[in-house]
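In what follows, a single structure is set out as structure tokens and then discussed.
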Number of protein chains: 2
Amino acid sequence: MTAAMSHYDALDFGTIDRGTLPAQEHEGANVSVRDLTRLLHIDCPDEAWLARTAFALRRVREGESLVRAGDKFHSLYVVRSGCFKTVYTDLSGSEQVLGFPMSGDLMGADGIDSGHYGSTAISLDTSEVVIVPLASLARLVYECPRLEALLYRALSRELVRVQNMAWTLGTLGAEGRVAAFLLTLSARLGALGYSRCSFNLRMTRQEIGSYLGLKLETVSRALSALNSSRIIEVHQRSIDIVDADALRGVIDPAAGIAASIAPPLGSAVPESGAGNGKRARKPRPPFQPGIAWQQLAAA
Amino acid sequence: MTAAMSHYDALDFGTIDRGTLPAQEHEGANVSVRDLTRLLHIDCPDEAWLARTAFALRRVREGESLVRAGDKFHSLYVVRSGCFKTVYTDLSGSEQVLGFPMSGDLMGADGIDSGHYGSTAISLDTSEVVIVPLASLARLVYECPRLEALLYRALSRELVRVQNMAWTLGTLGAEGRVAAFLLTLSARLGALGYSRCSFNLRMTRQEIGSYLGLKLETVSRALSALNSSRIIEVHQRSIDIVDADALRGVIDPAAGIAASIAPPLGSAVPESGAGNGKRARKPRPPFQPGIAWQQLAAA
DNA sequence: CGGTAAGTTGAATCTAGTCAAGAAACGTGG
DNA sequence: CCACGTTTCTTGACTAGATTCAACTTACCG
């Protein structure tokens, strides 16, 4: 609990500000609060002075690490361009990929509580991140109460993402995991304005496997199988999603059918009811449809 | 994005306060901010007036659900006593357990961003939760800036917990998962003042299996195997951890040995170095030791 | 005391991992 | 531009580990 105290100091207003950041992180142009909220897809009050408050950018080259597990926590990062991987590394040297943050994603949030980053972030290509010192953000929120939700929502979103990951790992087999991975990636790229059905992977089979709790051979086999089924077309790192519904069907046959019937719903969750699925074969189906697969179905 | 706007309204100060909560949640005694921070193990400034601000309690009987996936988000909950399970439910009716929140754990955080809870929370025995309306908390933080870190840290902690879960599911086999589960449970109970090496499970094999991405038979077998190895003693739901180091060894043989040599480190992560592992067989071992297993080793 | 839910154990099956070989892409220097 | 080595990817055969199906035991609750 001593770590907690020293960490608390870092959050005390006026104690630490951008001026105390490592010098290396002062480079490139600045980004306004407006830009930041737009990047995070979080609504922001329309006050002119907010545009003046700015955050620094940092450029990270391919293979370079932005933060390392165990480093002292000082800032959050929001990806502005490029793609990262975040990894745990255990004693035996093997690593587990926890995520592939892309434009608009938050990194470093796992360091807030303990005061030390919990995972290492490595750039998969030349990337740019917005540096968000927690102290600055806290001050900003204090000055503009309507920003209160900003960080809460960003953290909550990250939490949902990881929970979905846990669901994927705990529930799906190899093909399902790969299908879920492709659909999620497709949806994220689509949200960024890129093609939803044709893209290039920026990570190796090894990294995908590590992320999905599979071996690289298994990932390769799963991709080949989906390729043979005419659901996707794979040529090395180039992916074409030929039949998105079929891909959803790989995750859950019932959901695949349901998704092809129901109009693709937006980001909002249906208010109630919607217990419209074909039929429940289990004795106790009193639950509302879950969220996990919807995130994938909404691709 | 329309959901985002309406959600934002809910966070606007003065718009919603405790008075607008569902009537059913106004029952039992109240809890002060001091109590809340103590429950969450988060440091709190020592201002007298904080003791006056209070949150309501709610009692949840065994089997009863506190919130359901898809319900409109209004409050966070901190468990004060008892034990819950949080579950996703997919279309086909099968459920996946995401966690077993106990005293001091936060629930409902996955609803902040979308405005709807992402998982259902069901009590495993008669439990009590502190109701923390986000709007109240936001106002509180505004009135007392030093509380800024409170929610950030609680959310960050939850994020780390789920990330560890993803690591467990992606990396470990059946026995390792069960061992990790027992060690984590042991550590949590220990932190609450209960015995670290002798306790009763409050969940079924089915629920444990769902949580760990295994079938109930596999959980049973893993427990039996650990029992045969004299590492634990199992009689139905009663667990005795006989050899905690050996249990850690099940997760990662190297870590088990290392843990028995090195003195059990506290919550703080070593500053640097400590790349002391036996030997690295991979060509590139420039990473610091990870966090995942340390959480377990620090039991 | 009987009925139901929960847990254990065994045998067969199936999925993903392991080991190994080979093919395709990439980068570098001649 | 091509030859070379390296990395990444694919595919096959075999093995280990988890699931499935099923029988049975043990606890729990009225």
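Each chain gets a letter, A, B and so on, in the order its sequence line appears, and its residues count up from 1.
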Q) Reckon A:L216 touches a base, only the sugar-phosphate, or nothing at all at heavy-atom distances under 4.0 Å? A) nothing

Q: Name the nucleic acid region contacted by A:G176, choosing base, sugar-phosphate or nothing; use a 4.0 angstrom heavy-atom cut-off, strictly under.
A: nothing

Q: Looking at every strand, decide which applies to B:L223 at a 4.0 Å heavy-atom threshold: base, sugar-phosphate, or nothing.
A: nothing

Q. How long is the line joining CD1 of A:I208 and P of D:dT8, in whole Å?
A. 12 Å

Q. So, are A:D105 and A:R157 salt-bridged, with charged N and O less than 4.0 Å apart?
A. no

Q) What is the distance from CZ of B:R205 to C1' of D:dT26, rounded to the nearest Å? A) 12 Å

Q | B:E207 CD - C:dG7 C1' separation (whole Å) | A | 13 Å

Q. Contact class for B:T218 (heavy atom, under 4.0 Å): base, sugar-phosphate, or nothing?
A. base

**Q.** Listed nucleotide nearest any side-chain atom of A:K215, set D:dA22, D:dT8, C:dT18
**A.** C:dT18

Q. Hey, what's the ring geometry for A:Y77 with A:Y117, parallel, tilted or perpendicular (30° and 60° as the breaks)?
A. tilted

Q.
On the nucleotide D:dT11, are OP1 or OP2 found under 4.0 Å from the side-chain N or O atoms that A:S224 carries?
A. yes

Q | Aromatic centroids of B:F100 and B:F84 separated by under 6.0 Å | A | no

Q: Say whether, by atom type as modelled, one donor and one acceptor occur between the side chain of B:S210 and the main chain of B:I208 under 3.5 angstrom.
A: no

Q: Select base, sugar-phosphate, or nothing to describe what A:G209 touches, counting heavy atoms under 4.0 Å on all strands.
A: nothing

Q: Decide whether B:R221 and B:T218 meet the rule of one side-chain donor and one side-chain acceptor closer than 3.5 Å.
A: no

Q. For B:A180, does its backbone N or O pair with a side-chain atom of B:T184 as donor and acceptor, under 3.5 Å?
A. yes

Q. In whole angstrom, what separates B:L201's CG from C:dA6's C1'?
A. 13 Å

Q. Under the 3.5 Å rule, do the base of D:dG12 and the side chain of A:R221 count as making a donor-acceptor pair?
A. yes

(Q) Without decimals, in angstroms, what is the distance between B:L226 CG and C:dT8 C1'? (A) 15 Å

Q) Counting only non-hydrogen atoms, which of residues 227-242 of chain A are less than 4.0 Å from DNA chain C? A) A:Q236

Q: Give the nucleotide from the list C:dT8, D:dA18, D:dT19 with an atom nearest to the side chain of B:S220.
A: C:dT8

Q) Under a 4.0 Å N-O cut-off, is there an ion pair linking B:R248 with B:D245? A) yes

Q) Can you tell which of D:dT20, C:dT18, C:dG7 lies closest to the side chain of B:E217? A) D:dT20

Q) Within this structure, what is the CD-to-C1' distance between B:E175 and D:dA16, rounded to whole angstrom? A) 13 Å

(Q) Whole angstroms only, please: what is the CG-P distance between B:N200 and D:dA27? (A) 14 Å

